[in-house]
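Worksheet: the structure to be examined is printed underneath.
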2 protein chains.
Amino acid sequence: MYLRYLEDLDTNGQQTASSDELAHLCGTTPAQVRKDLSFFGSFGKRGLGYPVHELTDQLRGILGLGHEWRVVIIGAGKIGAALANYRGFLQRGFRVIGVYDNSPEKIGQPWGDAIVRSMKDLVQDVKREDALIAVLAIPAEGAQDVVDVVIDAGIRAILNFAPAQIAVPPHVSLKSVNMAMELEGLSFALTNKGAA
Amino acid sequence: MYLRYLEDLDTNGQQTASSDELAHLCGTTPAQVRKDLSFFGSFGKRGLGYPVHELTDQLRGILGLGHEWRVVIIGAGKIGAALANYRGFLQRGFRVIGVYDNSPEKIGQPWGDAIVRSMKDLVQDVKREDALIAVLAIPAEGAQDVVDVVIDAGIRAILNFAPAQIAVPPHVSLKSVNMAMELEGLSFALTNKGAA
DNA sequence: CTACCTTTGTGAAGAATTTCACAAGCGAAC
DNA sequence: GTTCGCTTGTGAAATTCTTCACAAAGGTAG
């Protein structure tokens, strides 16, 4: 989150930013900003604040954005399309090496810059291209099976949009986004507005 | 999360579930489950566990899913399409009353069961249908302007997919999903696997 | 009816996170 | 060169969250 805002400030040509300014941008407190950043190092100058451009570089390094990550998108539905088209990924160092589906009428169709490939090619492509990240955009049914297969092929991190609980071994990172659950959180917030 | 798993158990006809069982399903601890649930009431029977069906009803009530919420989707791009097509929303009580865009070639196009409408109709539709939730699936530029307008029209909760920071007044709930940020979290996890 | 196994609900303890508050450092002005 | 206004970095305090541990049931078998 800090990186996002620092990039904006950098684009605007701002040289330094105080913890107070970052806190306001991010909706947190100055003390929180300083504690968070100090966990990774001592980036600021007392009396001045944090050097915007230098700190963005540091944070990119910390987040592991210093090199390109190869990503496979599994599922050529609407969500897969939204992700494959999203220019922000490439800008941030995530290169989509392929979109995969097992529906015959989708395989071979053009898809942005690429062509939808068969799930049969998935394992060999992951191995050949050394892809470590998979985005899962398929229905809940069978999601776990696909996960097991790609982990076997060498995938080490999964961003899951399937509304299903996925189990992964400890050496694999998993992040799930469940849109229905997000809406339910809003429903709760609306319902309990008075109580809070 | 508990609701999700309880629904599965209910569908499978299971009568009761212990905190231990729920903890295993959700990847947490039995004590955590009991503390979480006890915050809202005393739902279990000692020696038996929690009554699955009754607890799902209770949780639905707590989450405010007891009635239908009317939702507008703003932005008829790929993400909007993925959301509008998602049957899970309707099942969970979120009825999409309209999809809106300001691109002339999209307005009037069929869109699942509905037709893409002009952004010009957004405010009047929100008011007429009493929609309280908006899903924002437009580019970052201008997102804040649209938010200000729909809040004026009566929207009280926003699920934001635009890669932009949105500010809302205190009486409005906001939940943002940023796919690039999710991937960056995975990048961090992969980069720091050894250190952890 | 009693003994026993199971599981909840919850105070208390323990751990983690956030906030406070201030010494130390930086730059500018005079 | 010294003073002054700012802002960081960080121990300590305060707060929040999680885990522990056990008394209080519920059910069952004999």
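Letters A, B, ... mirror the listed sequences (proteins, then strands); counts begin at 1.
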Taking all non-hydrogen atoms of both residues, which atom of [X] and which atom of [Y] are closest, and how far apart?
X: B:Phe43; Y: B:Gln58; result: CE2-OE1, 3.5 Å
X: B:Thr191; Y: A:Gly64; result: OG1-CA, 3.2 Å
X: A:Val123; Y: A:Ala153; result: CG1-CB, 3.8 Å

For B:Ala76, is there any backbone N or O sitting under 3.5 Å from a side-chain donor or acceptor partner on B:Asp101?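 A pair under 3.5 Å: yes.
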
Send over the distance from [X] [atom1] to [N] [atom2], rounded to a whole Å.
X: A:Asp20; N: C:dT19; atom1: CG; atom2: C1'; result: 14 Å
X: A:Leu48; N: D:dG9; atom1: CG; atom2: C1'; result: 15 Å
X: B:Glu21; N: C:dT8; atom1: CD; atom2: C1'; result: 15 Å
X: A:Leu55; N: D:dT8; atom1: CG; atom2: C1'; result: 13 Å
X: B:Gln15; N: D:dG27; atom1: CD; atom2: P; result: 14 Å
X: B:Leu37; N: C:dT8; atom1: CG; atom2: C1'; result: 11 Å

[X] vs [N]: side-chain N/O to OP1/OP2 distance below 4.0 Å:
X: B:Ser19; N: C:dT7; result: no
X: A:Gln32; N: C:dT19; result: yes
X: A:Tyr50; N: D:dG9; result: yes

What's the closest nucleotide to the B:Lys35 side chain, out of D:dG9, C:dG11, C:dT7?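 Side chain of B:Lys35 sits closest to C:dG11.
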
Counting side-chain heavy atoms from CB outward, which of C:dT10, C:dA21, C:dT8 is closest to A:Arg34? C:dA21

Any donor-acceptor N/O pair under 3.5 Å between C:dT8 base and B:Arg46 side chain: yes

When only distance counts, do a donor and an acceptor, one from the side chain of B:Lys45 and one from the base of C:dG9, lie under 3.5 Å apart?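 A donor-acceptor contact between them is absent.
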
